[in-house]
Student: 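Quick one: structure below, then a few questions.
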2 protein chains.
Amino acid sequence: MSERVEFPADVVEIARFAKALSHPARVYILKKLSAMNACCYSGDLADELPIGRSTLSQHLKELKYAGLIQGEINPPYIKYCINRENWEKAKKMLEEFLDENQPITSTAHSNNSFLNILKF
Amino acid sequence: MSERVEFPADVVEIARFAKALSHPARVYILKKLSAMNACCYSGDLADELPIGRSTLSQHLKELKYAGLIQGEINPPYIKYCINRENWEKAKKMLEEFLDENQPITSTAHSNNSFLNILKF
DNA sequence: TTTATATTTCGCAAAATTACGAAATGAATT
DNA sequence: AATTCATTTCGTAATTTTGCGAAATATAAA
């Protein structure tokens with residue numbers, strides 16, 4: 001409750017990407033599309049997921065809005081693929097966030113102090 | 001809507017960790033605690049964040065529930081620190097998820113095919 | 001033109017999240 | 001015993017998320 005009225009921009013963006021990953025359906029979709037570098041149809045996903053088609057459609061819309069996937073219309077199908085550019089950006093931001101720490105083994109403060117030097 | 005009634009366990013867990021990171025206040029807190037490997041008090045955070053103390057307390061509670069931080073009582077203060085073990089786990093799961101893909105440059109399918117071999 | 005198919009949007013309800021101020025807690029100080 | 005202090009919990013309200021089925025859309029096939 002200081003003079004700051006906003007969260008830092010990078011923090012907000014990390015939270016935004018994390019939010020896109022905060023539901024199992026969306027993780028599943030991204031996993032499928034990114035991990036196997038495949039594209040697929042809404043119906044393919046509907047057959048594998050324990051949610052209705054309209055609900056799935058909403059999750060796809062959210063991922064599209066977050067910029068993480070894109071739909072290529074191929075009537076009457078819509079082929080969904082990863083949006084590589086934004087996915088790489090999300091990956092970079094999240095990994096940077098996750099990695100910016102100094103793991104110190106609780107048992108020993110062995111000679112890994114060079115790690116700290118490297119990090120700072 | 002198939003015979004599957006649940007999402008895969010790893011997918012659920014990734015979503016759960018991502019959810020813990022889905023609010024700027026929580027990202028800020030984790031950033032502070034993990035990045036600089038510091039512990040701090042609720043009051044310290046309250047002074048830097050644009051939210052009330054009771055709201056902050058709720059976010060701390062959530063992070064504690066997610067297992068990502070732990071509070072060490074030191075009356076009348078409570079010193080919050082990263083829960084290293086679970087933080088490393090979250091990190092591992094999220095990074096594994098983020099990395100399990102095959103980035104293929106759109107311009108050229110250059111001789112990075114060895115990457116695919118390494119990945120699969 | 002009618003029918004079938006894949007998908008989305010609409011309308012709605014239930015549940016979860018976010019937020020705040022007031023009150024409670026629990027230990028230290030007076 | 002009363003006061004102070006950092007923090008949390010409670011009560012409550014506003015907003016967002018998640019979910020579904022029905023209806024709409026848009027194309028292909030009959």
Side-chain angles (χ1 to χ4, degrees), chain A residues 1-2 4-7 11-12 14-30 32-33 38-66 68-81, chain B residues 1-2 4-7 11-12 14-30 32-33 38-66 68-81:
Chain A
M1 232 118 68
S2 65
R4 177 183 291 154
V5 287
E6 296 267 355
F7 289 99
V11 164
V12 171
I14 289 165
R16 212 177 62 81
F17 281 131
K19 194 170 192 176
L21 309 184
S22 71
H23 191 286
R26 297 196 291 269
V27 170
Y28 187 98
I29 294 165
L30 288 172
K32 179 147 190 165
L33 297 188
C39 297
C40 69
Y41 302 104
S42 182
D44 300 345
L45 292 162
D47 292 338
E48 314 175 29
L49 296 179
I51 55 174
R53 280 159 199 273
S54 62
T55 305
L56 167 60
S57 196
Q58 278 185 181
H59 286 299
L60 289 168
K61 194 173 161 187
E62 256 187 83
L63 287 174
K64 223 174 351 177
Y65 178 74
L68 297 177
I69 65 171
Q70 58 202 31
E72 186 183 310
I73 294 170
N74 185 13
Y77 299 92
I78 298 171
K79 193 164 69 175
Y80 283 102
C81 310
Chain B
M1 227 121 72
S2 65
R4 176 185 291 152
V5 287
E6 297 267 355
F7 289 98
V11 164
V12 171
I14 289 165
R16 212 177 62 82
F17 282 131
K19 195 171 189 173
L21 309 183
S22 72
H23 191 285
R26 297 195 294 268
V27 170
Y28 187 98
I29 294 164
L30 289 172
K32 179 148 191 164
L33 297 188
C39 296
C40 70
Y41 302 105
S42 181
D44 301 344
L45 292 162
D47 291 338
E48 314 176 27
L49 296 179
I51 55 174
R53 280 160 199 271
S54 61
T55 306
L56 168 60
S57 195
Q58 277 185 179
H59 286 300
L60 289 168
K61 194 175 165 188
E62 256 186 83
L63 288 173
K64 224 175 349 179
Y65 178 75
L68 296 177
I69 67 172
Q70 58 202 31
E72 186 182 310
I73 293 170
N74 185 14
Y77 299 92
I78 298 173
K79 191 163 71 173
Y80 284 103
C81 309

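Chain letters run A, B, ... following the sequence lines, proteins first and then strands; every chain starts at 1.
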Student: Write down the distance between CG (A/D44) and C1' (C/dT5), rounded to a whole number of angstrom.
Tutor: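 Atom-to-atom, A/D44 to C/dT5, this comes out as 14 Å.
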
Student: Looking just at side-chain N and O atoms, do B/E48 and B/Y28 make a donor-acceptor pair shorter than 3.5 Å?
Tutor: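 A donor-acceptor contact under 3.5 Å links the two side chains.
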
Student: According to a strict under-4.0 Å criterion, is A/T55 in side-chain N/O contact with OP1 or OP2 of D/dC20?
Tutor: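 Yes.
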
Student: Going through the distances and angles, do A/K79 and A/D44 end up as a salt bridge (Lys or Arg N to Asp or Glu O under 4.0 Å)?
Tutor: CA-CA 10 Å; A/K79 193 164 69 175; A/D44 300 345; over 6 Å; no

Student: Send over the distance from A/I78 CD1 to C/dA6 P, rounded to a whole Å.
Tutor: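 Distance, rounded to whole Å: 13 Å.
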
Student: So do A/I29 and A/L56 actually touch side chain to side chain, heavy atoms under 4.5 Å?
Tutor: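 A/L56 reaches A/I29 side chain to side chain.
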
Student: Please give, in whole Å, the distance from D/dT8 P to B/Y77 OH?
Tutor: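 Rounded to the whole Å, the gap is 13 Å.
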
Student: What's the closest nucleotide to the side chain of B/H59 if the choices are C/dT9, D/dT7, C/dT18?
Tutor: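 Among C/dT9, D/dT7, C/dT18, the one nearest the side chain of B/H59 is C/dT18.
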
Student: Are any of B/S54's side-chain N or O atoms less than 4.0 Å away from OP1 or OP2 of D/dC10?
Tutor: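 No, B/S54 has no side-chain N/O under 4.0 Å of OP1/OP2 on D/dC10.
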
Student: Which whole-number value in Å describes the distance from B/E72 CD to D/dA6 P?
Tutor: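 In whole Å, D/dA6 P lies 19 Å from B/E72 CD.
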
Student: Enumerate all atom pairs, one protein N or O and one N or O from nucleotides 27-30 of chain D, separated by less than 3.5 Å.
Tutor:
none

Student: Does atom NZ of A/K61 have more than 12 heavy-atom neighbours from other groups under 6.0 Å away?
Tutor: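 Not buried by this count: 12 neighbours or fewer within 6.0 Å.
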
Student: Just compare C/dT8, C/dT9, C/dC20 and give me whichever is closest to any side-chain atom of B/Q58.
Tutor: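 That would be C/dC20.
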
Student: Rounded off to whole Å, could you give me the CG-to-C1' distance for the B/L56 and D/dT9 pair?
Tutor: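 Result: 14 Å.
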
Student: Are the side chain of A/R26 and the backbone N or O of B/A15 linked by a donor-acceptor pair below 3.5 Å?
Tutor: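 Such a contact is absent between A/R26 side chain and B/A15 backbone.
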
Student: Considering heavy-atom distances to DNA chain C, does B/S22 or A/L60 have its closest nucleotide positioned more toward the 5' end?
Tutor: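 In this pair, the answer is A/L60.
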
Student: Does some side-chain heavy atom of A/L45 sit less than 4.5 Å from a side-chain heavy atom of A/K32?
Tutor: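 Of all side-chain heavy-atom pairs linking A/L45 with A/K32, at least one is under 4.5 Å.
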
Student: Under 3.5 Å between N/O atoms: give me all the protein pairs with nucleotides 13-17 of chain D, atom names plus distance.
Tutor:
unit_1, atom_1, unit_2, atom_2, d
D/dT17, OP1, A/K19, NZ, 2.8

Student: Using whole Å, report how far NZ of B/K79 lies from C1' of D/dT7.
Tutor: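 One finds 16 Å between C1' of D/dT7 and NZ of B/K79, rounded.
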
Student: Under 30°, 30 to 60°, or over 60°: which ring-plane class applies to A/H23 and B/F7, parallel, tilted or perpendicular?
Tutor: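 Perpendicular.
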
Student: Is there a donor-acceptor pair under 3.5 Å between the side chain of B/S22 and the backbone N or O of B/K19?
Tutor: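 Looks like yes, one N/O pair under 3.5 Å.
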
Student: Should B/L68 and B/L30 count as side-chain neighbours, where that means a heavy-atom distance under 4.5 Å?
Tutor: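 In contact.
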
Student: Round to a whole Å and report the spacing from CZ of A/F7 to P of C/dT18.
Tutor: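 Result: 11 Å.
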
Student: Can you measure B/R53 atom CZ to D/dT9 atom P for me and round it to whole angstrom units?
Tutor: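 B/R53 atom CZ is separated from D/dT9 atom P by 16 Å.
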
